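All remarks here apply to the structure that follows.
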Amino acid sequence: MAEASLRIDKFLWFARLAKTRDAAQAAAEAGQIRLDGRRVDRAHAPVRVGSVIALVRGGAVRVLRVEALPTRRGPPAEAAALYTDLAGIDAAPGPQ
């Protein structure tokens, strides 16, 4: 039985980590995303439960572990349950 997966651009859009699917595709194709430690260069890279995604958002690096694969783009509370933030915002203080 094949392991369930979802394209990285769809995951980022469904999880509300990208405003549009086009923006998620552009970020993936520009090499701005890492999936399980490897740079992603295509929007159809498969994301699975347990995958670790690193991306730059709002000038900060976010490292996320996928907890569930979505079936739709739901409300923000539903989207936040899809991943765990592994690098908390408070962990890296900014310039003072």
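A quick note: this is a predicted structure, and the numbers were derived from the prediction, not measured.
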Residues in side chain to side chain donor-acceptor pair (under 3.5 Å) with T84, at least two apart?
E67
Does R39 have any side chain to side chain donor-acceptor pair (under 3.5 Å) partners at least two apart in sequence or in another chain, and if so, which?
none
Looking at residues at least two apart in the chain, or sitting in another chain, which of them share a side chain to side chain contact (heavy atoms under 4.5 Å, CB included) with [X]?
| X | result |
| --- | --- |
| V63 | V52, A54, V61, L86, A87 |
| E78 | R72, P75 |
| R48 | E3, S5, P46, S51 |

Indicate the atoms forming the closest heavy-atom contact of [X] with [Y], along with that distance.
| X | Y | value |
| --- | --- | --- |
| A28 | I8 | CB-CG2, 4.3 Å |
| G50 | D36 | O-OD1, 4.5 Å |
| L69 | V47 | CD2-O, 3.7 Å |
| A68 | F11 | O-CE1, 3.7 Å |

Quick check: do L12 and I33 have side-chain heavy atoms less than 4.5 Å from each other?
yes
Is any side-chain heavy atom of L64 less than 4.5 Å from a side-chain heavy atom of L55?
yes
Mind listing the side-chain donor-acceptor pairs of residues 15-23 below 3.5 Å, one per line with the distance, residues two or more places apart or on another chain?
| unit_1 | atom_1 | unit_2 | atom_2 | d |
| --- | --- | --- | --- | --- |
| R16 | NE | G74 | O | 2.7 |
| R16 | NH2 | G74 | O | 3.1 |
| T20 | OG1 | A23 | N | 2.9 |
| R21 | NE | D9 | OD2 | 3.1 |

State the NZ-CZ distance between K10 and R73, to the nearest 0.5 angstrom.
13.0 Å
Is there a side chain to side chain contact (heavy atoms under 4.5 Å, CB included) between I53 and Y83? Walk through the geometry before answering.
CA-CA 10 Å; I53 300 171; Y83 58 86; over 6 Å; no
